[in-house]
Structures are given as C-alpha cells and as structure tokens.
Amino acid sequence: MGECPHLRSKAKDVTPLIKDILEEVAKETVQQWQYRLKNLAPELIEELNVKKEPDKGLKALDVEEGKQVVMRFAPNPNGPPTLGSTRGIVVNSEYVKKYGGKFIIRFDDTDPQTKRPMLEAYEWYVDDCKWLGANPDDVVIASDRIPLYYEYARKLIEMGHAYVCFCDGEEFKKLKDVKQACPHRDVTPEDNMEHWEKMIAGDYEERSAVLRIKTDISHKDPALRDYGAFRIVRSSHPRPEIGSRYCVWPLLDFEGAIEDHELGMTHIIRGKDLMDSEKRQGYIYKYFGWEYPKTTHWGRVKMHEFGKFSTSGLRKAIEEGEYSGWDDPRLPTLRALRRRGIQPEAIRKFMIDMGVGETDISISMDTLYAENRKIVDPIANRYFFVWDPVELKITGTKKCVTTPALHPTEDRGRREIEVTDAVQICKEDAEKLHSGSKIRFKDLYNVEVTSLEPLQAQYLDNSIDSLKKEKMRIIHWAPVDGVVVKVLSPDGEYTGIAEKQIKNELNRIIQFERFGFCRIDTIDDNMVVAYYTHK
RNA sequence: GCUCCGAUAGUGUAGUCCGGCCAAUCAUUCCGGCCUUUCGAGCCGAAGACUCGGGUUCGAAUCCCGAUCGGAGCACCA
C-alpha cells in the first residue's frame, strides 16, 4: 500500500479481512507457523534471524561533491583539555577522517583578561589531540593574526557596516532593549575610521569605546542587535611574542567569523550555546558576500561523577594543594585520564557513540569505563594486590612456589610466587573469618583457620573437589615479601602489598584481582605507585 | 521581559527529514545464572522507553497545533 497510492482508499475494506486471518492464525502453534513459513517463503526464515544493525558512528555530513572537508576545533587555551573539550576534538577529527580533508586546531585566545590563556595549555591541547589520534593538519593562533582582523574591521567601517560606539555598556543596553539606535550609529564612515585608528593607537581608555557591527537595531531577537566586535583591553597577553602589542582585541563572534572564512571552513560543529553566533556572524558574511559554513550544534554534556568545575576554580584548588596537579586522578582532564590508563580509542568510541544531539545530556563514566575495559581486559596481566594487609601464619606445609597464569584466557605465560609459612590478606577478608573457616587462597591451596589472635591457619589440601564440596570462599593474597604499592584513585588512596613482578609492568595496565585495573605509574626501590583505571 | 533550541528504557543512543518493513536498535546500568579457582573481570540470559493533550490520516515515535518540562542567548567571556 505504501508503494501503490491508488490502493490506499481501500484500506478500510482490508481491515476486517486481516482481523479474520489473524484470529485464525492465533489458533495455531508456533511450530505450525514455522512449518507454513518454510513452505511459503523460506527466505523469510533467514530474515527472522538477522539482527538489525543500527547505524553506527556519526551521521553523514552534507558534503558538496568534489569539495574537501575543512573542520576545526577552537578552544581557548585557558586550561588543559578536559573530557568536555574532547567531544570537539574527536567528532570534528572523525568527520575529517571519514571524508578526507583538513582538521585545524585554532586557539581562540583573544581575551588576555577575563579568560586569560595559560601558556602551557597551547602545548597540552596539541599534545592531547595527537594522543587522541586527531593529528591537526594546521595549528592557528588567533593572537598571531590581530592585524588581519583590523584589516577586515576597516573594510566594514568603510562600507558603513561598523561604527565606534562610545556608549556606556548599560546605556547601550537600555537603548537596544527598546530597539533604539545610539547616537554613534549614524556617524559617517570617515569619522568612524578616525575613531577606529585612534582606538587601536591606544588613545582611548578601557571600556570607553567599542567597535560594533551594524545589524538590525529593531530585530525581534535582542541578541542580534548591533553586537560588539572589538573592545579595549590593556592587560598584556601571556604569550611573550604578543605581550602588550595590542590594546584592542576582537570578540569571539568577529574573530570566529573572519577565521572560519579565512581558513576555508566547510562545516562547523559546536555547542548550541553558540547558535546565535551563526545569525550574528551572518551579517558579516552578508556584507562581504561570503558563504557561511554548514553548522551543527550539540547540547551540554555533564558527567555524573564530576560536579561543576571551572578552570579558574580548579587552578586555585591546585595552587592550594587540594589537588596534586592537572593530572590528579580525581579530575576529568585528559591528562588525568591518560595517566590512569584510559585508552584514546575508548574515548573516541565513547564520544562517537554519543553522537551529535542538541539535547543536554548527563552521562556516566561507567560507559567510558566499559569501552576502556573491552580494550584493556585482554592486554592486562593479572596480579595480586592486598590492600589494608594483615598477615596470616600457615602451619602444616613447607615452602612452595605457585605459578598462576598472567591472564585467564590469553596465553601470556605465568608468574612465580614463593610462599613460605605466611601470606598477606585483606583486612576486610580477614574480618569475615572465624575459627574453623575453610577458605581457598586463589591459585595456592585450601586452609582451615585455627586461630584469629594471632591469625593462623592449617594447611588442608590442594584439591578443587574439596573446595567445591565445602563451598569455600576464594580469596586472593600476597606473599609477605611483596612490594609496597600505593594506588591513587578518584576515591582516594589505597596502600598495600603486591607481587614483586609488577615491577616489570611500568606504564602498562594490569589488573589487580578483585580490585580493578590500574596503570603502573612509577617504580622506585621500596614503592610502586599505580593509578586506578576502573574496576 | 524578548528570542532561539530540545524531549525515545535508570543513563546514552538508532529510527523522525521522506508516516506503513517499529511487536522501536545498540551500548551501558541493574537483576538472575555460568566459570577446575577474581564477591569486583569474563561469558550467558532477562527486565526496561516513544513527556502530555488535541488534530490530520485507513494508519503517527515520525506531520500540525497547544501545554509541560529542560537548556541556551540578549557581555567591552569563550
């Protein structure tokens, strides 16, 4: 019926027929259905077993034939990249990978005052992009290109599309709210040019003048009425090569508008908080006769595990020693996740599966951890780590060596642990014991607890049968001559004893059984430091 | 106050443009089971959703109107 419109008018006649047939079919069993289907249309049986594959990955981009895609990630480097910035890196670079083209990282560092850039962060962004497999084809720094912006500003002034406004901020807002032009709007281009040259020469005080783009002062959306393009900022820029060279800085909508055109951007994906930017910048594009890139927007992403945090707030907390640094495992920075052993592929998959929706979302780290676990589980060697250790003496056996596999399913060899007459076990396991408890030390043997003070057990046997028969609990343990380990995790620190062999695992992800995955971060003579990845 | 978006299981997401193949996808979480040895990994299984109300239509998650809820912009921040 979908294909033959002329039959649609008969739809009402068909309904009772279908009802009768369905009633008849309902009387039969599933087996009868299958039998009949096999005779009628065997190919449909196959179809029943085929699982529907959802569209994986990102939605198709509207790409013009024969045109190469150019996309960008445009952060203000006023702090290190976080999980939030990562969406921009991954999604934009993924599209470029998919369609072929250029991925540009552009530093929108044109505010030396309120959102003052951080010198180290420029490197961090580039570095983290590379780590994420989003190698930029080009790196552009806005603060290097101020003269370019000045040139375009002059052109707009000449054309009568921009004016230097000397209104006080509040004053202007009042006029704007009632769709009234301010007295400076109708000044001649010549006079405006003179004001502008004075402005960039440093003749005016901060906040005394601003260059505005003429839009439509009576536009129904107040956000679009004559917006600011340049303002005066006397603070010096943190980049030494820029320093105090300029006292007039462009605002985002102007700088972004010019750069997106200059760099030949074909598509822009950004937060929906910047939806108005397109409309505002549209005026500039119209004045110059440029074509606006195609835009897509996404909503806010919040991680359940991380509350609101501002870069400036974090910076302060780090300076005060509340956090160990920008890679403190409690932080959602890429540097921290990396140190914890989160793999770039997991982050990419996480971001790509999340897609590009305009809904504001709140997602759990568990989803990212699950992706990471799939990557890390097959490559992580297994070891014993006993946190809050207590010693347990064993009687009735002599020194022995056990050789558990490094991995339960992958064949990667074995480790060796020598056990004499005692082991370390977790305090929380010890507390569940009572005299007479029969337990299994994983990959070692079965014992029966004979005393709690001091903690002591008697060797029973090494049989799996008795383990099953007695339904013994299986706990892990560590040799008494193990290595001291400190694990730094988002929830705090754990200290304990682990097998010595983890000293061979520097920078690798391992799994501490019954604890979780960790990345071995540093090793010295008497201590190993590990970063907790996830369980 | 003005303006602009959005709404599918606990959480994300596919499907919405172009109404029928949707008895609505996949993942995660949770629950249950399995494992000659991880209570935390792995494997298997199950549960769970179209915000609400009208309208159009033979037929609506899909189109239209309204309501509700949520978000954003109206900066000399990005």
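Just so we're on the same page: letters track the sequence lines, and every chain starts at 1. On a predicted model such as this, the values are computed, not experimentally measured, just so you know.
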By nearest atom, which of the nucleotides [options] is closest to the [X] side chain?
X	options	result
A:H304	B:U11, B:G70, B:G42	B:U11
A:E513	B:U37, B:C76, B:U38	B:U38
A:M354	B:C5, B:G12, B:C77	B:G12
A:K535	B:U38, B:A41, B:G6	B:A41
A:L252	B:G73, B:A78, B:U28	B:A78
A:A223	B:G73, B:U37, B:C77	B:G73
A:K115	B:C77, B:G40, B:U3	B:C77
A:R231	B:U3, B:C77, B:U38	B:C77
A:K173	B:G70, B:A75, B:G12	B:A75
A:M275	B:C5, B:A27, B:A78	B:C5

Any Lys/Arg nitrogen of [X] or [Y] sitting under 4.0 Å from an Asp/Glu carboxylate oxygen of the other?
X	Y	value
A:R473	A:D429	yes
A:E513	A:K442	yes
A:R106	A:D260	yes
A:D377	A:R382	yes
A:D226	A:R185	yes

Any base atoms under 4.0 Å from [X], or only sugar-phosphate, or nothing? Heavy atoms, all strands.
X	answer
A:N76	sugar-phosphate
A:K302	nothing
A:L251	sugar-phosphate
A:D443	base
A:D253	nothing
A:R212	sugar-phosphate
A:R373	sugar-phosphate
A:C167	base
A:K374	sugar-phosphate
A:K220	sugar-phosphate
A:T409	nothing
A:T110	sugar-phosphate

With rounding to whole Å, what would you report as the distance between [N] and [M] at their [atom1] atoms?
N	M	atom1	result
B:G71	B:U51	C1'	16 Å
B:G48	B:C26	C1'	14 Å
B:U11	B:U29	C1'	7 Å
B:A67	B:G32	P	46 Å
B:U13	B:A75	C1'	36 Å
B:G12	B:C4	C1'	25 Å
B:U8	B:C63	P	15 Å
B:A78	B:C21	C1'	47 Å

Quick one: [X] [atom1] to [N] [atom2], roughly how many Å, whole number?
X	N	atom1	atom2	answer
A:F384	B:G40	CZ	P	14 Å
A:H219	B:C4	NE2	C1'	11 Å
A:I417	B:U38	CD1	C1'	13 Å
A:M365	B:A27	CE	P	21 Å
A:I425	B:U37	CD1	P	22 Å
A:D366	B:A27	CG	P	17 Å
A:Y369	B:U29	OH	P	12 Å
A:E171	B:C74	CD	P	20 Å

### Query
When you measure from the side chain of A:R340 to the backbone N and O of A:Y532, does any donor-acceptor pair fall under 3.5 Å?
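Yes.
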## Note on the structure
The residue, A:S364 or A:H476, whose nearest nucleotide of RNA chain B is more 5′ is A:S364
### Message
On RNA chain B, does the nearest nucleotide to A:S362 precede the nearest nucleotide to A:S277 from the 5' side, or the other way round? Give the residue.
### Response
A:S362
For [N], which nucleotide is its Watson-Crick or G-U wobble mate, given both distances must be under 3.5 Å?
N	result
B:G59	none
B:G1	B:C74
B:U37	none
B:G66	B:C52
B:A23	none

Check whether the ring centres of [X] and [Y] lie less than 6.0 Å apart, and answer yes or no.
X	Y	result
A:F384	A:W477	yes
A:F107	A:Y122	yes
A:F166	A:H184	yes

### Message
When you measure only distances, ignoring hydrogens and angles, does the side chain of A:Q511 come within 3.5 Å of the base of B:U38 through a donor and an acceptor?
### Response
yes
### Message
If you apply the rule side chain to side chain contact (heavy atoms under 4.5 Å, CB included), what do you find for A:N446 with A:M472, and how did you get there?
### Response
CA-CA 8 Å; A:N446 309 324; A:M472 295 180 199; 3.8 Å; yes
#### Entry: Presence of A:K176 side-chain N/O under 4.0 Å of B:C74 phosphate oxygens OP1/OP2
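Indeed not, no polar side-chain atom of A:K176 lies that close.
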